[in-house]
Amino acid sequence: MAIELKDVSFSYPNGYLANEHLNLTINQGEKVGIIGQNGAGKTTAVKLMNRLNKPTEGDVIIDGINTKDKTTAQIAKYVGYVFQNPDDQIFNQTVKDEVRYMLKKSRMDPKLIKEKSDRALELTGLIDSKRKNPFDLPLPTRKFLTIAAVIATDPKYIILDEPTAGLDIRGIEVLEKLMDTLTAEGMGVITITHDMEFVARNFDRIVVMAHKNIIMDSTAQEVFARNDIIEDARIKKPEIALIAEVLGIREEILFVDELVDLLP
Ligand SMILES: Nc1ncnc2c1ncn2[C@@H]1O[C@H](COP(=O)(O)OP(=O)(O)OP(=O)(O)O)[C@@H](O)[C@H]1O
């Protein structure tokens, strides 16, 4: 079971080619971080995974099914997408209604709707905000609400576009725990992020994008050891790796405790 991009290219209606011959397989239960400079084509690529973007060339296969034979609504049941900006997604008057909207639309049994939506609100720390108006909540909380609304629908894969933006340390902890829970349950979690500390801490697999393409697909240790890739993708190493470099430590350090172990 996997999302497969097979030689996929995508041009926007104005003719701008944003992704060129992408090849990528993401398995169910994997936690993958997608990084790269602004405009590298990350959002364009993940929107290809749930048919919000339709390939100009190539095929997107989800769990063996070619998405070109399916509608965006059909694909959304398999691949949930959490928008970069929560306000592009939220439109209901209460937190509860927002999380239940998709489930009600699918005419699910009301008991099951309550069960699924409450669980999603628990996981995102929003269970006590059920009756609030989403637009009275701060931006990071609205972001969690959009994540809850997608989790409630039980997709096999979830795409999080810049989930750490605006989150404080506590919010990041909730997010990290949430991603662990989802992957432990077999969901594939695909996350675009510019936060390299978050990347190093959370993802076993990192896809680096630059110039409309994937330039590396490996572990954090290997990606951050490649100065050429870091330069090409215009990303920054985690702060601790930079400190280790300044101290003249040759090993690839990504975490404080690794650095402490090496200090005399
Ligand atoms: N609707 C559109 N029409 C034309 N060009 C677009 C459109 N949306 C995005 N682009 C262009 O496609 C390129 C890739 O954009 P994309 O949003 O995929 O990049 P990104 O890597 O996700 O960037 P960021 O980190 O800033 O979100 C950019 O040059 C962008 O200007």
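None of the values given here were measured: they were computed from a predicted structure. One-based numbering, in listed order, for ligands and for the atoms of each.
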Would you mind checking which non-hydrogen protein atom is closest to [atom], with the distance to 0.1 Å?
atom                    : value
atom 15 (O) of ligand 1 : Thr44 OG1, 3.7 Å
atom 19 (O) of ligand 1 : Gly41 N, 3.3 Å
atom 4 (C) of ligand 1  : Asn14 ND2, 3.3 Å
atom 1 (N) of ligand 1  : Tyr12 CD2, 3.5 Å
atom 26 (O) of ligand 1 : Asn38 OD1, 3.3 Å

State the atoms of ligand 1, each with its element, that fall below the 4.0 Å cut-off from a heavy-atom position in [X].
X      : result
Thr43  : 17 (O), 18 (O), 20 (P), 22 (O), 27 (O)
Tyr16  : 11 (C), 12 (O), 13 (C), 29 (O)
His194 : 25 (O)
Ala18  : 12 (O)

Under 3.5 Å, is there a donor-acceptor pair linking the side chains of [X] and [Y]?
X      : Y      : value
Asn202 : Glu176 : yes
Lys143 : Asn85  : no
Ser117 : Arg100 : yes
Tyr101 : Lys96  : no
Thr44  : Tyr12  : yes
Tyr157 : Asn27  : no

**Side-chain donor or acceptor of Thr124 paired with backbone N/O of Ala120 under 3.5 Å** = yes
**Asked** Under 3.5 Å, is there a donor-acceptor pair between the side chain of Asn19 and the main chain of Ala45?
**Response** yes
**Asked** For atom 31 (O) of ligand 1, is some protein heavy-atom partner under 4.0 Å away?
**Response**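 Protein heavy atom within 4.0 Å of atom 31 (O) of ligand 1: absent.
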**Prompt:** Evaluating non-hydrogen atoms only, which member of Pro13, Gly36, Gly39 is closest to atom 23 (O) of ligand 1?
**Reply:**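 When every heavy atom of Pro13, Gly36, Gly39 is considered, Gly39 comes closest to atom 23 (O) of ligand 1.
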**Proximity to ligand 1 by part of Gln37, non-hydrogen separation under 4.0 Å** = backbone
